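Heads up: the structure comes next, in structure tokens.
The chains referred to below are lettered A, B, ... by the order of the sequence lines, with proteins before strands, and numbering in each begins at 1. Remember, it's a predicted structure, so these values are computed and weren't measured experimentally.
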Protein chains: 4
Amino acid sequence: MGEQWIQEILNLGEDEKMTPKQLAILQAAIEVFSDKGYSAAATSEIAQKAGVAEGTIFRYYKTKKDLLLSIVGPTMSRMIAPFVLRNFKGVLDIPFDSYEDFLRAFIVNRLEFGRKNFRIIKILIQEIPFQPALREQFVENILGKVVERVEKIVEHFKEKGEIVEIPTPAIIRFTVSSVIGFLLARLLLMPDKDWNDEEEIELTIRFIMHGISPDGIGSKTFK
Amino acid sequence: MGEQWIQEILNLGEDEKMTPKQLAILQAAIEVFSDKGYSAAATSEIAQKAGVAEGTIFRYYKTKKDLLLSIVGPTMSRMIAPFVLRNFKGVLDIPFDSYEDFLRAFIVNRLEFGRKNFRIIKILIQEIPFQPALREQFVENILGKVVERVEKIVEHFKEKGEIVEIPTPAIIRFTVSSVIGFLLARLLLMPDKDWNDEEEIELTIRFIMHGISPDGIGSKTFK
Amino acid sequence: MGEQWIQEILNLGEDEKMTPKQLAILQAAIEVFSDKGYSAAATSEIAQKAGVAEGTIFRYYKTKKDLLLSIVGPTMSRMIAPFVLRNFKGVLDIPFDSYEDFLRAFIVNRLEFGRKNFRIIKILIQEIPFQPALREQFVENILGKVVERVEKIVEHFKEKGEIVEIPTPAIIRFTVSSVIGFLLARLLLMPDKDWNDEEEIELTIRFIMHGISPDGIGSKTFK
Amino acid sequence: MGEQWIQEILNLGEDEKMTPKQLAILQAAIEVFSDKGYSAAATSEIAQKAGVAEGTIFRYYKTKKDLLLSIVGPTMSRMIAPFVLRNFKGVLDIPFDSYEDFLRAFIVNRLEFGRKNFRIIKILIQEIPFQPALREQFVENILGKVVERVEKIVEHFKEKGEIVEIPTPAIIRFTVSSVIGFLLARLLLMPDKDWNDEEEIELTIRFIMHGISPDGIGSKTFK
DNA sequence: CATGAATGAGTATTCATTCAT
DNA sequence: GATGAATGAATACTCATTCAT
């Protein structure tokens with residue numbers, strides 16, 4: 001595993017200086033945290049795996065919890081990148097011709113993201129229930145913003161008659177469940193199965209589009 | 001909270017002798033494990049909460065891990081109860097007139113189950129990634145059997161033309177994602193929201209049925 | 001060194017149960033604290049010297065500081081025992097015929113006390129500047145009460161013309177300095193010198209009595 | 001607080017080169033040592049307070065203990081300055097007309113000294129019991145010389161009939177106790193009280209002189 | 001000279017587990 | 001059976017000291 005990706009993942013491209021040791025610590029911590037869980041992970045093991053002295057960890061991160069947050073925080077921010085990027089553009093900030101297009105772009109993008117950030121996301125999911133700091137950040141900064149954004153998109157296509165008149169939260173739930181269900185099956189539950197990603201994505205989109213299309217009307221794509 | 005339910009939940013009705021102390025230990029363990037996570041839970045706290053001596057726990061359960069498995073194992077078995085109960089009955093073991101009926105029965109039933117076994121399920125989900133024993137049991141005994149059973153149901157209704165000709169694993173995935181998505185939102189993410197369960201269930205069923213119905217055909221119920 | 005004295009010193013005679021291990025821990029802690037100072041004392045060394053496991057210390061005392069306070073607190077209380085004992089008796093609670101008698105009784109009594117509680121007093125003095133909890137208790141409960149009591153005695157004998165008309169705080173300071181000066185020299189600075197305690201005490205009393213007697217009048221005893 | 005006094009205090013006027021950094025380190029060390037005690041003081045905190053890198057301390061002082069001794073040693077020497085200064089002068093090296101004059105000069109002088117060197121003296125007193133090197137230096141170079149010198153003075157005035165025929169060590173003890181008692185009360189115990197130094201000094205002198213005057217004879221000053 | 005990253009032995013404290021009572 | 005005192009290995013974290021830059 002190269003050392004480039006970590007820079008990229010945690011730094012968001014800003015070139016804050018990160019010493020090789022710090023990188024090694026982060027990498028080792030990600031590994032150990034995701035393998036054993038935060039609580040059961042020993043700083044001594046992280047140190048050993050990173051090839052540094054135990055004390056070195058605490059030069060960079062005041063506490064073990066600090067180390068956790070340093071890993072999980074930036075990734076959490078990047079989770080919503082696609083939802084906020086073009087938010088300022090102008091009146092019509094929905095750059096998709098159909099909900100389908102949105103879904104397709106979204107799934108492909110997040111599948112890639114999930115692939116790269118697999119371990120960190122695992123840590124995040126595992127620890128959210130036990131770390132109030134994490135949960136708060138997640139609910140307020142992530143969930144909130146994503147929902148807000150998707151709400152607009154859903155309502156936009158509701159107006160256009162593409163989506164059935166069902167309460168928006170339910171629509172969002174259906175969409176998100178299906179997408180996450182796919183991502184989990186693909187990356188977590190059965191990563192070794194012989195997946196045909198493109199086809200699987202299209203099937204998932206078909207399912208969602210059929211599911212939320214107004215009665216009597218199929219999606220445009222899938223007649 | 002009475003002490004009856006625990007008996008019921010963990011004993012599956014078999015009247016194995018369980019002393020009040022043992023019950024207290026289990027109850028306390030469920031609370032502490034689900035609040036802090038297995039690793040971060042202290043047996044001393046469990047003992048205190050159960051009102052027994054620290055040593056007493058280890059009379060009943062050789063190790064802390066043993067205690068975990070004793071809690072989570074039986075519940076895991078009961079998760080699949082509806083899928084195996086009538087499996088032996090005879091040739092035609094599909095007691096549903098439509099996939100919709102199956103879904104409705106299934107969701108209602110598992111919502112109830114989830115409500116009762118909330119904490120234990122939380123523990124189960126949290127610990128599956130870290131306890132090989134758990135994962136093995138889960139994959140082989142639970143996932144396997146459920147999939148096997150649902151496969152038959154799905155294929156049955158495929159033949160009847162109710163379900164579109166898409167690979168069965170995908171159909172199952174769509175179904176399960178949607179149902180679990182509902183259960184999670186209902187019980188975990190937003191338990192305090194003012195839910196109209198019946199309506200929400202019907203919406204979910206509509207979504208799934210539309211999603212998996214063959215092109216051009218809506219579900220029977222939702223025209 | 002027997003194990004009786006510790007009971008006596010820390011328990012004030014009440015027979016609260018103290019296991020042999022707890023006694024051993026206290027004894028070892030007194031030794032190590034007084035030899036190395038609180039900060040530089042290692043709980044591991046205390047454990048070793050007490051012949052118990054490190055963990056055992058923390059069954060009895062939640063923290064190292066707790067251990068310190070458990071040692072030093074009770075002795076602090078006993079320091080003022082002679083000053084509060086007969087305080088309730090009645091109107092005339094000064095059971096001495098002269099300031100001289102008071103001094104004599106006091107010095108003999110506290111010399112004995114100092115001999116027995118030498119190490120603990122050393123710890124107390126060393127740590128008072130750094131432990132706010134200690135300082136507070138000392139100033140309020142000890143210093144306050146002693147001063148209050150001695151003030152009355154001094155003023156009593158001022159009225160009788162035995163003590164010169166000088167501000168009482170100064171009289172107290174002179175008395176206490178001289179007594180403590182003796183005790184320190186006797187017990188701390190030169191414990192190995194060949195002391196004639198009785199004579200030395202009489203000299204000290206003579207010094208104080210001469211020093212505070214009204215001009216032109218010697219003490220009764222020392223013409 | 002300027003940076004001059006430190007030079008003065010630690011250097012005894014000799015102009016050994018001392019960089020500003022070294023001065024800052026010493027100043028910071030005095031502060032931290034006296035606030036937290038030697039053992040509990042962290043070199044990192046000293047470095048931070050001094051505005052230098054952690055490593056810099058160890059350029060000037062090989063070890064933490066070295067730093068302590070560098071602070072406390074010179075002050076210890078200066079404690080006895082008044083006792084050795086004119087020791088070489090000639091036969092009659094007692095430049096006081098009476099013990100009273102000696103006391104007065106001595107108390108005033110040492111009060112000033114104590115005021116300036118408060119923190120260092122506190123460190124010294126705190127650490128003498130735990131640092132053999134310090135204790136040795138103190139007993140041999142300080143205590144010894146002071147006693148030697150004061151012995152001569154006391155015996156001089158004994159011969160003149162000003163001081164009662166009591167063993168000299170006792171006389172010294174009385175004197176020193178009373179003086180130190182005053183200094184401690186004045187500077188350490190109750191520094192914020194509204195002191196009238198001049199009057200308080202005269203009272204103390206009166207106490208001592210009365211205390212050690214031969215029977216039947218008051219001091220010259222205080223009839 | 002000065003830095004501060006790096007070290008690793010040492011710290012107080014926790015905790016699952018044992019076992020004599 | 002039930003207890004809880006005792007254990008000791010393991011834990012997160014600190015800190016005086018070193019050394020390459």
Can you check whether [X] has a side-chain N or O nearer than 4.0 Å to OP1 or OP2 of [N]?
{"X": "A:K21", "N": "E:dT7", "value": "yes"}
{"X": "D:S44", "N": "F:dC15", "value": "no"}
{"X": "A:R59", "N": "E:dA5", "value": "yes"}

Could you tell me whether [X] contacts a base, only the sugar-phosphate backbone, or nothing, with contacts defined as non-hydrogen atoms closer than 4.0 Å?
{"X": "C:Y60", "result": "sugar-phosphate"}
{"X": "B:A40", "result": "nothing"}
{"X": "B:T19", "result": "nothing"}
{"X": "C:A41", "result": "sugar-phosphate"}

[X] side chain, from C-beta outward: closest of [options]:
{"X": "C:V52", "options": "F:dT7, F:dA12, E:dT17", "result": "F:dT7"}
{"X": "A:T63", "options": "E:dG4, E:dA12, F:dC13", "result": "F:dC13"}
{"X": "C:K64", "options": "F:dC13, E:dT13, F:dT17", "result": "E:dT13"}
{"X": "C:F58", "options": "E:dT13, E:dT3, F:dA12", "result": "E:dT13"}

### Task
Please report the shortest heavy-atom distance between A:A28 and A:K49, naming the atom on each side.
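Here A:A28 and A:K49 meet closest at CB-CB, 3.9 Å.
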### Task
For B:K21 and B:Y60, work out which heavy atoms get closest and say how close.
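Between these two residues, the closest heavy atoms are CB-OH, 4.2 Å.
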### Message
Quick check on DNA chain F: between B:T56 and C:Q22, whose nearest nucleotide comes earlier from the 5' end?
### Response
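Looking at DNA chain F, the more 5' nearest nucleotide goes with B:T56.
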### Message
If you count every heavy atom of other residues, nucleotides or ligands that lies below 6.0 Å from C:K36 atom NZ, does the total exceed 12?
### Response
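Atom NZ in C:K36 is not packed in, count stays at 12 or less.
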#### Entry: Flag side-chain contact, heavy atom, 4.5 Å: B:L26 against B:M18
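Side chain of B:L26 against side chain of B:M18, heavy atoms only: contact under 4.5 Å found.
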